[in-house]
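Just so you know, these numbers use all the heavy atoms, side chains as well, and skip hydrogens, waters and symmetry mates. FYI, the numbering just counts along the sequence from 1.
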Amino acid sequence: MTEGTFSRTAEVCVVGSGISGLTAARRLTQAGIEDVVVVEARDRVGGRTVRSTTPGGRVVQSGGIHLGHDMKRLMALVEELGVPIVEGAGGHEGAVVSVMDGKRSVESLPFEDDPAAAAALDEAFAAMTALVESMPADDPWNAPNAHELDSQTAASWLEANVPDERVRAICAETLLVAGASAEELSLLYAVWMVQTIGGFMTLLSGLTHYVRSADMIEVMAEPLGNRILLDAPVRRVEHGDGGVTVHTDRGTVRAKAVVMAIAPQLCASIAWEPALPVARAVLQNKFAPAYGSKLWAFYEKPFWRDDDLTGMGQGFKGIMTLDETRPDGPEGILTASVGEAAADIAELGSLIDDPEVFKARFLEAVAEYFPGAPEPLDLHVYRHYGDPWSPGVVPGLPPGVLSELGPALTESVGPIVWAGAESSTSYHGWLEGAVTAAERAVDVVRARLGR
């Protein structure tokens, strides 16, 4: 990688070296636009995708790992790169453990011993599905009911339409694929996110494979070589009909166009000359980050499956466990995440601040969910909080934003073209969305350059 202060000229500058940024750079060079420079704020490529090593020497990956057959652009890219995928991300069928008010229950289906609550859940899901199906994925702001849905939070809609508190809790967990609480998130944004991935059935059963996206990063970065400039956070962008000048901590890049493949909140911290249109400026300031931590626990085998359990445990002191056992490996893996919403952070902040506190709470929860569970072979925590260049994971929007300012998600501003998973109207916020947004941005750039 380039050392020292630089002054570069290129046809296109790509800001950000995550999946979306590197996909954009790859597709540009494949289209014959080889004069591409990628600037990255960190001292590494990858964005939110990063490998880390556990105390026991195992390698885990933070960032997107799931894909499915419906993720056609991601699947095509993975195949093109020659990165292996592992089938079987659906996990193990069985029962779910819940601990409520100190009482442990095991159910294969929610409320299987409470027909009235089960019927209420079916009714609530039918109502949520109707909302999702009323939503055009490409332009939810033009839906006939857009302003009505965007005038309320997901929590207020659930409160008004789902009387049973237990049913509401399950609906909220299912509806909120964004990183915000039901009290914070616009109902329009929540149902639109579900629509962008193809509906609830895709969400519940459409994630069929694992992919090591860190491997994708390595394969895409290698041929770009010294066209990737690290330790170069963007501070200012001058733009006009003649192109852009991107000012970083290490120097400048002058280009005919720039692809911004970073989180919207980071775009808000850049000085734009002239200022961005007010709709775009307000929109990118409204995205709420989803900070938190993720824990991996490794066991000699997935012991919970011996009791025909899925590995999902919920209800104990804010800890939900999930089975992420790899079909190609002998060990059992349980994971837990905390703190993706403001309400969680207020309650569980100590778990995010101190990995040892998180580990201790996790072990308490496992003992409640799976009595007699063995001690894990290895425990590891990765904190999404604290990296200034990764404002959390999947973000969210509050009420009153998407219905009014949604078009600014994708509308270019002269030579400034938006990419990143958050600018996609397909699998918004997911790996597939990152790839889709990059390829859309490349089409815009090619048209602008007459290529």
Student: Taking side chain to side chain contact (heavy atoms under 4.5 Å, CB included) as the definition, give me every residue that meets it alongside Thr196, ordered by chain and number, with sequence neighbours left out.
Tutor: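 If we apply the side chain to side chain contact (heavy atoms under 4.5 Å, CB included) test to Thr196, skipping adjacent residues, the hits are Trp192, His428.
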Student: By ring pair (Phe, Tyr, Trp, His ring centres under 6.0 Å), which residues pair with Phe316, not counting sequence neighbours?
Tutor: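 Partners of Phe316 by the ring pair (Phe, Tyr, Trp, His ring centres under 6.0 Å) criterion come out as none, since no residue qualifies.
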Student: Taking Gln284 for its side chain and Leu266 for its backbone only, find out whether a donor-acceptor pair lies under 3.5 Å.
Tutor: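 Not a single qualifying donor-acceptor pair exists.
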Student: For Lys359, enumerate each residue passing the salt bridge (Lys or Arg N to Asp or Glu O under 4.0 Å) test, keeping only those at least two apart in sequence or located in another chain.
Tutor: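 So Lys359 forms a salt bridge (Lys or Arg N to Asp or Glu O under 4.0 Å) with Glu356.
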Student: Quick test of your reading of the model: are Asp354 and Arg361 salt-bridged, counting only N-O distances below 4.0 Å?
Tutor: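 Salt bridge flag = no for Arg361 with Asp354.
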Student: So, using ring pair (Phe, Tyr, Trp, His ring centres under 6.0 Å) as the criterion, who are the partners of Tyr382 when residues are at least two apart?
Tutor: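 With sequence neighbours excluded, Tyr382 shows a ring pair (Phe, Tyr, Trp, His ring centres under 6.0 Å) to His384, given in chain and number order.
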Student: Suppose we screen for side chain to side chain donor-acceptor pair (under 3.5 Å). Which residues come up paired with Ser156, at least two apart in sequence or across chains?
Tutor: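 With sequence neighbours excluded, Ser156 shows a side chain to side chain donor-acceptor pair (under 3.5 Å) to Thr153, given in chain and number order.
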Student: So with a 6.0 Å cut-off around CZ of Arg212, is the heavy-atom count from everything else above 12?
Tutor: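 For Arg212, atom CZ is not crowded (no more than 12 foreign heavy atoms under 6.0 Å).
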Student: Before accepting this row, confirm whether a basic side-chain N of the pair Arg27/Glu80 lies closer than 4.0 Å to the acidic partner's carboxylate O.
Tutor: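 Salt bridge flag = yes for Glu80 with Arg27.
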Student: Measuring from Tyr427:OH to Leu431:CG, what's the distance to the nearest 0.5 Å?
Tutor: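 So the OH of Tyr427 and the CG of Leu431 are separated by 11.5 Å.
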Student: List for me each residue that meets side chain to side chain contact (heavy atoms under 4.5 Å, CB included) alongside Thr252, sequence neighbours excluded, and say none if there are none.
Tutor: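 Scan of Thr252 (side chain to side chain contact (heavy atoms under 4.5 Å, CB included), adjacent residues dropped) gives Ser7, Thr245, His247, Arg254.
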Student: Apply side-chain contact (heavy atoms from CB on, under 4.5 Å) to residues Leu22 and Ile228 and explain how you reach the verdict.
Tutor: CA-CA 10 Å; Leu22 292 183; Ile228 301 176; 4.2 Å; yes
Student: Spell out, as yes or no, whether a donor-acceptor pair under 3.5 Å connects the side chain of Asp150 to the backbone of Val401.
Tutor: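 Yes: the side chain of Asp150 pairs with the backbone of Val401.
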Student: Tell me if the CD atom of Glu123 is crowded by more than 12 foreign heavy atoms within 6.0 Å.
Tutor: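 Count not over threshold, so no.
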Student: Donor-acceptor pair, distance only, cut-off 3.5 Å: does the side chain of Ser186 make one with the backbone of Tyr189?
Tutor: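 At least one qualifying donor-acceptor pair exists.
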Student: Could you pull out all residues at least two apart from Arg166 that satisfy salt bridge (Lys or Arg N to Asp or Glu O under 4.0 Å)?
Tutor: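 Residues passing salt bridge (Lys or Arg N to Asp or Glu O under 4.0 Å) with Arg166: Asp114, Asp164.
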Student: So, Tyr369 side chain and Gly311 main chain: donor-acceptor pair closer than 3.5 Å or not?
Tutor: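 Looks like no, no N/O pair under 3.5 Å.
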Student: Suppose we screen for salt bridge (Lys or Arg N to Asp or Glu O under 4.0 Å). Which residues come up paired with Arg58, at least two apart in sequence or across chains?
Tutor: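 Once residues adjacent in sequence are excluded, the partners of Arg58 under the salt bridge (Lys or Arg N to Asp or Glu O under 4.0 Å) criterion are Glu331, Asp378.
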Student: Do side-chain atoms of Arg104 reach the backbone of Val99 as a donor and acceptor pair under 3.5 angstrom?
Tutor: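 Side chain of Arg104 to backbone of Val99, a donor-acceptor pair under 3.5 Å: no, none is there.
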Student: Decide yes or no for Leu283 and Leu397: does some side-chain heavy atom of the first lie under 4.5 Å from some side-chain heavy atom of the second?
Tutor: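 A side-chain contact under 4.5 Å exists here.
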Student: Quick one: list whatever passes side chain to side chain contact (heavy atoms under 4.5 Å, CB included) with Pro376, sequence neighbours left out.
Tutor: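 Scan of Pro376 (side chain to side chain contact (heavy atoms under 4.5 Å, CB included), adjacent residues dropped) gives Ala297, Tyr299, Leu363, Leu379.
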Student: Honestly, is Arg48 close enough over Trp389, meaning NZ or CZ under 6.0 Å from the six-membered ring centre and within 45° of the axis?
Tutor: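 The answer is no; the distance or angle limit is not met.
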Student: Does the side chain of Arg235 come under 3.5 Å of the side chain of Ser269 through a donor N or O and an acceptor N or O?
Tutor: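 Ser269 and Arg235 do not have a side-chain donor-acceptor pair below 3.5 Å.
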Student: Judged by atom type as modelled, is there a donor-acceptor pair below 3.5 Å linking the side chain of Glu40 to the main-chain atoms of Ala232?
Tutor: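 No, Glu40 side chain to Ala232 backbone: no donor-acceptor pair under 3.5 Å.
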Student: Between Lys294 and Glu324, is there a salt bridge with N-O shorter than 4.0 Å?
Tutor: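 So Glu324 pairs with Lys294 through a salt bridge.
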Student: I'd like to check the ring pair (Phe, Tyr, Trp, His ring centres under 6.0 Å) partners of His380; sequence neighbours left out, ordered by chain and number.
Tutor: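 With sequence neighbours excluded, His380 shows a ring pair (Phe, Tyr, Trp, His ring centres under 6.0 Å) to Trp296, given in chain and number order.
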Student: List the atom of Gly18, the atom of Ile217, and the distance in Å for their closest heavy-atom pair.
Tutor: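 Nearest pair, atom of Gly18 first, then Ile217: C-CD1, 3.8 Å.
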Student: With the side chain counted from C-beta on, respond yes when Ile85 and Tyr210 share a heavy-atom pair under 4.5 Å apart, and no when they do not.
Tutor: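 Result no, sub-4.5 Å side-chain heavy-atom pair not found.
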Student: I'd like to check the side chain to side chain contact (heavy atoms under 4.5 Å, CB included) partners of Ala419; sequence neighbours left out, ordered by chain and number.
Tutor: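 Ala419 satisfies side chain to side chain contact (heavy atoms under 4.5 Å, CB included) with Ser20, Val259, Ala261, Ala441 once adjacent residues are dropped.
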Student: Quick one: do Lys286 and Glu404 make a salt bridge, cutoff under 4.0 Å?
Tutor: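 Salt bridge: no.
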Student: Salt bridge check: are Arg73 and Glu432 linked by an N-O gap of less than 4.0 Å?
Tutor: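 Salt bridge absent between Arg73 and Glu432.
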Student: Any heavy-atom pair between the side chains of Arg305 and Thr325 that's under 4.5 Å?
Tutor: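 Counting from C-beta outward, Thr325 and Arg305 do come under 4.5 Å.
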Student: Does Glu300 have any salt bridge (Lys or Arg N to Asp or Glu O under 4.0 Å) partners at least two apart in sequence or in another chain, and if so, which?
Tutor: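 Checked Glu300 against salt bridge (Lys or Arg N to Asp or Glu O under 4.0 Å); zero matches.
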